[in-house]
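The next block holds one structure in the form of structure tokens; read it before the comments.
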Amino acid sequence: MSHTLRLSLAAVTSLIASAPLAAQEPCCRREALEVADLYRLDGLDSRRFKYEQYWRVLEPVARSERIRVTPLGKSVQGREIRAVSFGSGDVTVLMWSQMHGDESTATMSLADILHWVADSPEGDALRSLLEDRLTVVLVPMLNPDGAERFRRENSLGVDINRDARRTATPEARILKALRDSIHADFGVNLHDQGTNSAGEGGALVAIALLAPAADEARSWGPVRERARRVASVIAESLAPDLEGRLARYDDAYAARAFGDNMQTWGTSTVLIESGILPGDPEKQELRRLNVVALLSALHGIATGRSDTASTAAYDALPENRDIDYDLLVLGGHLVVGTAGPIRADLAIRFDDSAARTGPTYGEIGDLAEAVAVDTIRVDGLFLHAEPDESGTIHPGAAVRLAVRRGPEPESQLVWEMAAASGPEPHPR
Ligand SMILES: [Zn+2]
């Protein structure tokens, strides 16, 4: 009898431990949203800010005695790369952003978090906890030369995130040396991604997470396992705001990439990829949700949940799947100058998928099975495509398109798409 009782008590205890988290508020979500809203730094309202602008905006914050700014070295073009740190705890956390120059969302979030660290009142419970238990080292904008041109690579054309093994670039060397000098226990690798879906046919991904593999076999050693728990804590706290829009990034081992190598160097690293939220072309809402992700991660590490949290929320994330194209225009007849009309569908990519600007042709022809974020049907209409200087259109060429009722150039205009602005064509 008593044996049975013990068993059922154990069962009850385990039930409580595994109670669905949806029922309770994930830790720090509300506090973090408050931080994001109250301490949002003005002056970073577009994603295409540059190095000088960023550090000018951060200047008053960096003067706080709670914050330390350390020069780490210079980019290829001589821009000083800086670490900004706070806290004096035993556990070290390294977060770096914008190693890809055109991926700036989290760089804005780091500024907001630093603003909160600098200006929040004495006795702020979350901040005190983080300062006591952690030493947090942030490197916003690891690739300032790329950021200057809003380009992925550094000024020599090297993708810094494919330079972890060789560390041929000063930017990669700076990150590796910093990791080694602070013996980072945890790492957060902050990126932006393009158009992806959460699983097959799922919604557009707003944020994708990954505990990168440390080897070809994608084994779960203790270092990667801790990263998985941190990723799970992040997934829990984002779930209420991003239902169906969270995904797990592809975990194929990338021998040259930083996230993967950080794991092998002993730093439990989580990748956060900010994707796309409809209606958020400058990613200001994603900036806000990154504050939630980062503060939940820090809270999870500070409270030891990185050793104890369930991995269920991370494991249950749908796969982050590439979507081939941003836009399909199906069912039309193509006219190029005096050529055509012929029956042809168009697949279009945007240079900037979030802002939907800079359209270029992906593919032209029979695209009945193609997958895109958006599809427009133009059955019975004529696609008057303006040719390039060679008198043709082709994949990769800029889209200048007028959709008309008839094959004649003067027939009634339905809608048009210009290369420079690339506005969303209105009929949906
Ligand atoms: Zn990236």
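Remember, it's 1-based here, ligands and their atoms both numbered in the order they're listed.
- When Leu401, Ile364, Val335 are each tested for a side-chain contact (heavy atoms from CB on, under 4.5 Å) with Leu383, only one passes: Leu401.
- Note that Arg226 lies in the cation-pi zone of Phe186, set by a 6.0 Å cut-off to the ring centre and a 45° limit from the axis.
- Distances shorter than 2.8 Å separate the Zn ion (ligand 1) from the protein N/O/S atoms His100 ND1, Glu103 OE1, Glu103 OE2, His191 ND1.
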Item to complete: Decide side-chain hydrogen bond (donor to acceptor under 3.5 Å, both in side chains) for Asp192 and Ser104; before the verdict, give the C-alpha distance in whole Å, the side-chain angles of both, and the deciding distance to 0.1 Å.
Response: CA-CA 7 Å; Asp192 285 70; Ser104 64; 5.6 Å; no

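- Seen from the ring of Trp116, Arg127 does not count as a face-on cation partner, given the 6.0 Å and 45° thresholds.
- A cation-pi contact, defined as under 6.0 Å to the ring centre and within 45° of the axis, links Lys176 to Trp265.
- When each of Val139, Val158, Ile160 is checked for a side-chain contact (heavy atoms from CB on, under 4.5 Å) with Glu171, only Ile160 meets the rule.
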